[in-house]
Asks: 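Let me begin by handing over the structure; questions about it come next.
In listed order, ligands and their atoms are each counted from 1. Throughout, residue positions are numbered sequentially from 1 according to the sequence presented.
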Amino acid sequence: MAEHVIDLRSDTVTRPTPGMLAAMMAAQVGDDVWGDDPTVLELQSAVAERAGKEAALFLPTGTQSNLAALMAHCDRGDEYIVGQLAHTYKFEGGGAAILGSIVPQPIENNPDGSLPIEKIAAAIKPHGPGLGAHFARTRLLALENTFNGRVLPSRYIREATSFARGQGLATHLDGARICNAAVAQGVSLAEACAAFDSVSICFSKGLGAPVGSVLTGSRDFIERAYRWRKVLGGGMRQSGFLAAACLYALKHNVDRLAEDHLNAERLAKGLAGIQEIAVKGQATNMVFAQFPQPDCVPLEAYLAERGILAQIRYEARFVTHLDVTASDMEAFVGAVKHYFATRSN
Ligand SMILES: *Cc1c(COP(=O)(O)O)cnc(C)c1O
């Protein structure tokens, strides 16, 4: 048996459980590019139903899912309004511009992830003959939930999406961790997705599948995204083996996200008891804390030697998930305490 490693770097690090692996092994598969993989079809209908949308599409990554969504909403030369710190804008290699010829219009995020509605309003360009010919056509508002672990306030979502709709814009949610948001708020997935035309959901984060994202929206929208998925190289063949992991996650790993949130609270509380550390916040499955700069490198190495993987930075982030337990939180906090108690000088 390999030593138990406590990995708090991200919720992307989870390994399939024996139950999930068994479900994958037993999957009925076909060729999804021919549209006849029954497990992929089952996953797509299950997600569409849970999210309260007409249709859904299985894609290899969240990055591709967001990109296919942007390309399905926007034509070449259209513009999307997005947060300066949004994953879609900042952490996806500029794919919308490179591959979609879509113009990003970033707006500075509030700390809770929202984009001020007056700034959205000011960013929408006139279109039509005359002056309108000067501008890219504003087509879409893209939001993110959760944002750095924080649940985007429901009231803000209602106001921003209805404002966008009134301006003729479509709305997309990067809901990589929307299940964390729904569980934290005690609402259904459908409720958490209701305000948006399209939502992208990651299965390889807290839900614990090895690979996969699902994009959901109207039938027309998903038909357009389906074509872009093929163009982007995301048409997979016997992908039912992967879809089976996602179906298993949908059934077994959604409600238990509450445990991850509880573990993050435990971790924040434990770190707050260490004098050298300033806990800056905790939201859903993430904890943010400041560490003394000179200790970052040696502490990270000290923890790694003890089977604890965490990125120790001046501004550090720790993420809980289904492969870490309440006692792992204690072990992590204990090791950090021990480091500070015994370090020289
Ligand atoms: C992880 C993540 C994605 C998608 O990332 P992939 O690694 O491509 O699956 C998108 N948005 C957010 C907010 C994420 O955290």
Asks: Which of the numbered atoms in ligand 1 are below 4.0 angstrom from a heavy atom of Asn66?
Replies: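 What qualifies from ligand 1 is 10 (C).
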Asks: State whether Asp32 and Arg229 are salt-bridged, where the test is any N-O pair (Lys NZ or Arg NE/NH1/NH2 against Asp/Glu carboxylate O) under 4.0 Å.
Replies: yes
Asks: To which protein heavy atom is atom 4 (C) of ligand 1 closest, and what is the distance rounded to 0.1 Å?
Replies: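 For atom 4 (C) of ligand 1, the nearest protein heavy atom comes out as Gly62 CA, 3.5 Å.
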Asks: Where do Arg317 and Phe288 come nearest, in terms of heavy atoms and distance?
Replies: CG-CE2, 3.5 Å
Asks: Identify the heavy atoms of Arg165 and Ala195 that sit nearest to each other, and give their distance.
Replies: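 For Arg165 and Ala195, the tightest heavy-atom pair comes out as NH2-O, 2.6 Å.
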Asks: I need the nearest protein heavy-atom contact for atom 8 (O) of ligand 1: residue, atom name and distance, please.
Replies: Thr63 OG1, 2.6 Å
Asks: Are any of the heavy atoms in Gln64 under 4.0 Å away from ligand 1?
Replies: no
Asks: With heavy-atom distances below 4.5 Å as the criterion, would you say the side chains of Ser114 and Phe147 are in contact?
Replies: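 The answer is no; the side chains never approach within 4.5 Å.
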Asks: Considering only the protein, which heavy-atom contact is closest to atom 1 (C) of ligand 1, and what is its distance?
Replies: Lys205 NZ, 1.3 Å
Asks: What's the shortest distance from atom 11 (N) of ligand 1 to any protein heavy atom, and which residue and atom give it?
Replies: Asp174 OD2, 2.6 Å
Asks: Working to the nearest 0.5 Å, report the span between CG of Asp328 and CD1 of Ile308.
Replies: 8.5 Å
Asks: Where is the nearest protein heavy atom to atom 13 (C) of ligand 1: which residue, which atom, and how far?
Replies: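 Among all protein heavy atoms, the one nearest atom 13 (C) of ligand 1 is Glu144 OE2, 3.3 Å.
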Asks: Does Thr146, backbone or side chain, put an N or O under 3.5 Å from an N or O of ligand 1?
Replies: no
Asks: Is there a donor-acceptor contact under 3.5 Å from the side chain of Ser10 to the main chain of Val13?
Replies: no
